[in-house]
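Heads up: the structure comes next, in structure tokens.
In this chain, numbering begins with 1 at the start of the sequence shown.
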Amino acid sequence: MFYAIDILGTIAFAISGVLVALSKRMDVFGILIIATVTAVGGGTLRDVLIGETPVSWMLNLNYIYVILASTVLTIIFKNKIDYLRKSLFLFDTIGIGLYTVVGVEKGISAGLDPIICIALGTMSACFGGVIRDILCNEIPVIFRKEIYATACILGGLTYFLVRKLPIDNNVVFIIAGLVVIIIRLLAVRFKVSLPTLYK
């Protein structure tokens with residue numbers, strides 16, 4: 001289940017990277033680079049921080065194959081994807097939900113404190129998108145007033161709370177990931193945002 005979630009998160013983030021690159025009218029090489037850094041950027045930072053090197057995508061070429069396949073299929077079917085912005089939002093949201101769980105679990109495996117595990121999950125989920133947005137000359141979503149990193153933090157807290165219940169670990173993964181996704185969707189749907197210092 002853990003590996004499946006990691007692969008699904010990679011697919012979701014790769015697609016979101018392709019969609020941003022397409023909106024910026026990049027060439028094929030640019031699209032592939034943006035898809036790759038979006039998909040593995042957060043996970044790379046996570047692995048380096050916990051001393052797990054070489055990082056996961058260097059040891060397992062399935063991640064590279066998944067990114068390549070996701071990139072090619074998204075380019076081929078780009079005309080079938082209506083409402084580019086909505087598609088980007090959806091895949092980005094799915095990606096942060098899945099990667100939050102992966103990051104938290106990696107922290108637990110490394111024997112880290114729950115607070116650090118949640119921070120690690122949040123970084124895993126958010127920093128691929130940060131790199132993507134910076135390369136595409138956008139202000140990263142995490143630095144705006146939108147509920148983004150907050151959803152990841154709440155998902156991480158949910159993970160540790162639900163983990164205390166007598167239920168299967170796979171169910172814990174799913175519940176925590178869904179909490180992130182649902183919070184993000186509801187926040188955007190009902191225009192809930194963090195307080196801002198600016199008028």
Side-chain angles (χ1 to χ4, degrees), residues 1-17 19-20 38-43 45-46 49 70 81 83-109 112-134 138-165 167-198:
M1 174 64 80
F2 178 79
Y3 181 64
I5 288 174
D6 204 4
I7 291 293
L8 288 172
T10 301
I11 292 169
F13 270 141
I15 293 172
S16 81
L19 293 174
V20 172
T38 307
V40 301
L45 176 63
R46 173 199 67 216
L49 286 174
S70 300
I81 302 175
Y83 309 111
L84 189 66
R85 188 169 295 278
K86 288 183 179 179
S87 299
L88 167 60
F89 164 72
L90 179 61
F91 285 110
D92 195 53
T93 299
I94 293 170
I96 66 170
L98 297 173
Y99 262 36
T100 297
V101 176
V102 171
V104 169
E105 182 60 28
K106 283 260 190 173
I108 292 170
S109 298
L112 300 175
D113 184 88
I115 293 174
I116 304 302
C117 291
I118 293 170
L120 202 62
T122 302
M123 284 188 285
S124 298
C126 297
F127 273 80
V130 169
I131 298 169
R132 174 198 66 205
D133 292 344
I134 289 172
E138 298 278 349
I139 298 173
V141 179
I142 191 176
F143 300 143
R144 289 180 247 164
K145 63 180 182 177
E146 291 186 31
I147 300 293
Y148 195 85
T150 309
C152 300
I153 293 168
L154 293 173
L157 287 170
T158 301
Y159 185 98
F160 282 101
L161 291 173
V162 176
R163 200 162 168 256
K164 295 181 182 297
L165 301 175
I167 56 177
D168 188 75
N169 244 16
N170 292 336
V171 178
V172 177
F173 291 159
I174 294 168
I175 292 173
L178 284 175
V179 165
V180 178
I181 293 168
I182 291 168
I183 289 173
R184 174 87 173 120
L185 291 173
L186 291 176
V188 171
R189 173 66 180 83
F190 296 104
K191 295 181 170 55
V192 178
S193 62
L194 297 175
T196 179
L197 299 173
Y198 311 102

**Q.** Value rounded to 0.5 Å, distance of CD1 in I118 from CD1 in I153
**A.** 8.0 Å

Q. Can you tell if the side chain of I175 reaches within under 4.5 Å of the side chain of I167, non-hydrogen atoms only?
A. yes

Q) With a 4.5 Å limit on heavy-atom distance, are the side chains of Y159 and C117 in contact? A) no

**Q.** Residue pair R46 / G103: nearest heavy atoms and the distance that separates them
**A.** CD-CA, 3.8 Å

Q) When rounded to the nearest 0.5 angstrom, what is the spacing between CG in L154 and OG1 in T100? A) 10.5 Å

**Q.** S16 side chain near R132 side chain, heavy-atom distance below 4.5 Å
**A.** yes

(Q) Tell me if the CG atom of L161 is crowded by more than 12 foreign heavy atoms within 6.0 Å. (A) yes

Q | Shortest non-hydrogen contact between A176 and T158, atoms and distance | A | CA-CG2, 4.4 Å

Q | Euclidean distance, I183 CD1 relative to I147 CD1, rounded to 0.5 Å | A | 8.5 Å

Q | Pairwise distance CG(L19) to CZ(F89) - rounded to 0.5 angstrom | A | 13.5 Å

Q: For A12 and I94, work out which heavy atoms get closest and say how close.
A: CB-CG2, 4.0 Å

Q) For L165, does the CG atom have more than 12 heavy-atom neighbours from other residues, nucleotides or ligands under 6.0 Å away? A) yes

Q. Hey, does F13 have a side-chain heavy atom less than 4.5 Å from the side chain of I96?
A. yes

Q. At their closest point, which heavy atom of S70 faces which heavy atom of I15, and how far apart are they?
A. CB-CG1, 4.3 Å

Q.
If you define the side chain from C-beta out and look only at heavy atoms, does anything of R184 sit under 4.5 Å from I181?
A. no

(Q) Can you confirm whether V104 sits close enough to R163 that some side-chain heavy atom of one is under 4.5 Å from a side-chain heavy atom of the other? (A) no

Q | Non-hydrogen atoms of C126 and I142 that approach each other most closely | A | CB-CD1, 3.6 Å

Q: Working to the nearest 0.5 Å, report the span between CG of L120 and SG of C152.
A: 12.0 Å

Q) Tell me, do D6 and Y99 make a side-chain contact under 4.5 Å, heavy atoms counted? A) yes

Q) Rounded to the nearest 0.5 Å, how far does CG of N170 lie from CD1 of I5? A) 7.5 Å

